[in-house]
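These numbers were taken from a predicted model, which means no experiment stands behind them.
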Amino acid sequence: MINFRYHVVSLTAVFLALAIGLVVGTAALNGPVSENLRDNLAQLNKDNNVRREQVNKLNDEVNRNQDFAKQIAPMLLGGQLTGRKIAVVALPGADEPADGVAEMLGVAGATITARLQIEDKFLDSNFATELLQLADQSSQPSISAAGLPQNSDGVETAGALLALALQQGSGPTPPTAGDVTAVLAAFAQPGYLTAEDGATGGAETIVLVAGAPATDKEADKKSKAAVTVASQFHRNRPLVVAGDSAGEGNLVSAIRSDPTLVQDISTVDNVITVQGQVATALVTAERLVRNKVGQYGLGAGATSIVPSAAP
């Protein structure tokens, strides 16, 4: 008769056999498996080192390309915009590339009449009513409200007023420096924009530099507002928009996909690089001096990287 003690002995024997088998199997395989793992790890380390060196080399090449573009800029741009008056306006997040664009326009000989940074609040629909009231109240003797859109769109009305303040206007006399300062101060005080001291009117064209598109819950409305600003800036004078073609709702792609705007506004889609900033100055010269509209850069809708040389 099989009793409880028999079961205990049998189970003990089974577990003992399993334990012995595991020990023997591990001892037998430990050498080859460990050696194989060490070899694989060594190979991975070598691959990582190679990839790291490749990345470092590519970064170095990018930096050298940037340096090359900056050093060759005077040869490419020198004299192309001599005597021309240009305003540079940056949308939210575009202050750094706007600095580079302004520098390259200066290399080309342009006079920068104004430097503005439009703040996120300007494009925020939550402040549309306040912005509209501010625009209606901020016209000056040489910057007439008669030319402003007659609707309830705060961004459109304010954008039109800024365009009138920055540009030469429809008449032969540009806005006075005092009136320009007053309009910009009216928008700067509540935080809609930031303007550098010494801004004047009389710009022959505006270069609008766009940053990355908004990604918050108001992103779609802000992207449309940026297009509205661009539309108002090109009503009376040529406009160049420089930005990036990446990200949903970016301004460059919006202009290129609009059958009307793409006929009137030149774009550059790689302004975050020195090459793109040099290209922006070339495109500004093409738009202002040769009166030609074009789409340039590396993204969708670009016809070439830079404009063709003038005859």
Side-chain angles (χ1 to χ4, degrees), residues 85-95 98-99 101-102 111-211 214 218 221-241 251:
K85 297 179 179 180
I86 300 171
V88 178
V89 180
L91 289 173
D95 49 334
D99 289 341
V101 167
T111 297
I112 307 299
T113 57
R115 285 287 311 276
L116 268 65
Q117 171 75 49
I118 291 179
E119 304 298 346
D120 189 71
K121 184 179 179 181
F122 193 102
L123 307 178
D124 192 331
S125 61
N126 294 310
F127 299 94
T129 301
E130 179 182 323
L131 187 61
L132 178 63
Q133 294 173 348
L134 184 61
D136 289 337
Q137 299 167 2
S138 300
S139 62
Q140 301 295 321
S142 63
I143 308 172
S144 174
L148 300 182
Q150 301 301 310
N151 58 38
S152 58
D153 189 325
V155 173
E156 185 175 12
T157 304
L161 183 61
L162 288 179
L164 291 174
L166 296 176
Q167 298 173 357
Q168 287 182 331
S170 57
T173 304
T176 65
D179 286 353
V180 173
T181 299
V183 169
L184 298 182
F187 286 99
Q189 194 278 329
Y192 287 104
L193 60 81
T194 303
E196 291 188 0
D197 294 337
T200 63
E204 298 173 76
T205 188
I206 293 175
V207 177
L208 181 61
V209 185
E218 292 285 317
K221 294 179 180 179
K222 289 178 180 179
S223 296
K224 292 178 181 177
V227 175
T228 299
V229 171
S231 299
Q232 293 307 306
F233 280 3
H234 98 285
R235 286 177 63 196
N236 300 315
R237 296 291 169 184
L239 174 68
V240 174
V241 171
L251 182 57

Trainee: The test is side-chain contact (heavy atoms from CB on, under 4.5 Å); show your working for L162 and L193 and say whether it passes.
Mentor: CA-CA 11 Å; L162 288 179; L193 60 81; 3.8 Å; yes

Trainee: Take L166 and R237 through the side-chain contact (heavy atoms from CB on, under 4.5 Å) test and state the conclusion after the steps.
Mentor: CA-CA 10 Å; L166 296 176; R237 296 291 169 184; over 6 Å; no

Trainee: Quick one: closest heavy-atom pair of A87 and A203, and the distance?
Mentor: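 Closest heavy-atom pair between A87 and A203: N-CB, 3.7 Å.
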
Trainee: What distance do I143 atom CD1 and L161 atom CG have between them, rounded to the nearest 0.5 Å?
Mentor: 6.5 Å

Trainee: Do you know which two heavy atoms are closest between A163 and F233, and how far apart they sit?
Mentor: CB-CD1, 3.8 Å

Trainee: Looking at residues at least two apart in the chain, or sitting in another chain, which of them share a side chain to side chain contact (heavy atoms under 4.5 Å, CB included) with A128?
Mentor: none

Trainee: Measuring from atom OG of S138 to atom CG of L184, what distance do you get when rounded to the nearest 0.5 angstrom?
Mentor: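 These two atoms lie 10.0 Å from each other.
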
Trainee: Check step by step if side-chain contact (heavy atoms from CB on, under 4.5 Å) holds for V183 and L164.
Mentor: CA-CA 10 Å; V183 169; L164 291 174; over 6 Å; no

Trainee: List the steps and the verdict of side-chain hydrogen bond (donor to acceptor under 3.5 Å, both in side chains) for N236 and Q167.
Mentor: CA-CA 8 Å; N236 300 315; Q167 298 173 357; 4.8 Å; no

Trainee: Does Q117 use its side chain to pair, donor to acceptor, with the backbone of L91 at less than 3.5 Å?
Mentor: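 Such a contact is found between Q117 side chain and L91 backbone.
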
Trainee: With the side chain counted from C-beta on, respond yes when L251 and L208 share a heavy-atom pair under 4.5 Å apart, and no when they do not.
Mentor: yes

Trainee: CD1 of I86 to CD1 of I112: how many Å apart, nearest 0.5 Å?
Mentor: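 One gets 5.5 Å once the value is rounded to the nearest 0.5 Å.
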
Trainee: Measuring only between side-chain heavy atoms, which start at C-beta, is Q232 closer than 4.5 Å to P149?
Mentor: yes

Trainee: Would you call the rings of F122 and Y192 parallel, tilted or perpendicular, where under 30° means parallel and over 60° means perpendicular?
Mentor: perpendicular

Trainee: Might you point out which heavy atoms bring L239 and H234 nearest each other, and give the distance in Å?
Mentor: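 Result for this residue pair: CB-CB, 3.6 Å.
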
Trainee: I need the minimum non-hydrogen distance between P175 and A165, along with the two atoms involved.
Mentor: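 Closest approach of P175 to A165, heavy atoms only: CG-O, 3.8 Å.
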
Trainee: Would you confirm whether K221, through its side chain, and N126, through its main-chain N or O, come within 3.5 Å as a donor-acceptor pair?
Mentor: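 Not confirmed, K221 side chain does not pair with N126 backbone.
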
Trainee: I need the minimum non-hydrogen distance between E156 and N151, along with the two atoms involved.
Mentor: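 Between these two residues, the closest heavy atoms are OE1-ND2, 2.8 Å.
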
Trainee: Closer than 3.5 angstrom, by distance alone: can the side chain of S142 be matched with the main-chain N or O of T176 as a donor-acceptor pair?
Mentor: yes

Trainee: The test is side-chain contact (heavy atoms from CB on, under 4.5 Å); show your working for L132 and D153 and say whether it passes.
Mentor: CA-CA 7 Å; L132 178 63; D153 189 325; over 6 Å; no

Trainee: In Å and rounded to the nearest 0.5 Å, what is the CG to CD distance from L116 to E196?
Mentor: 9.0 Å

Trainee: Under the 3.5 angstrom rule, does the side chain of T113 hit a backbone N or O of K85 as a donor-acceptor pair?
Mentor: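 No, T113 side chain to K85 backbone: no donor-acceptor pair under 3.5 Å.
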
Trainee: Please report the shortest heavy-atom distance between T200 and A177, naming the atom on each side.
Mentor: CG2-CB, 4.3 Å

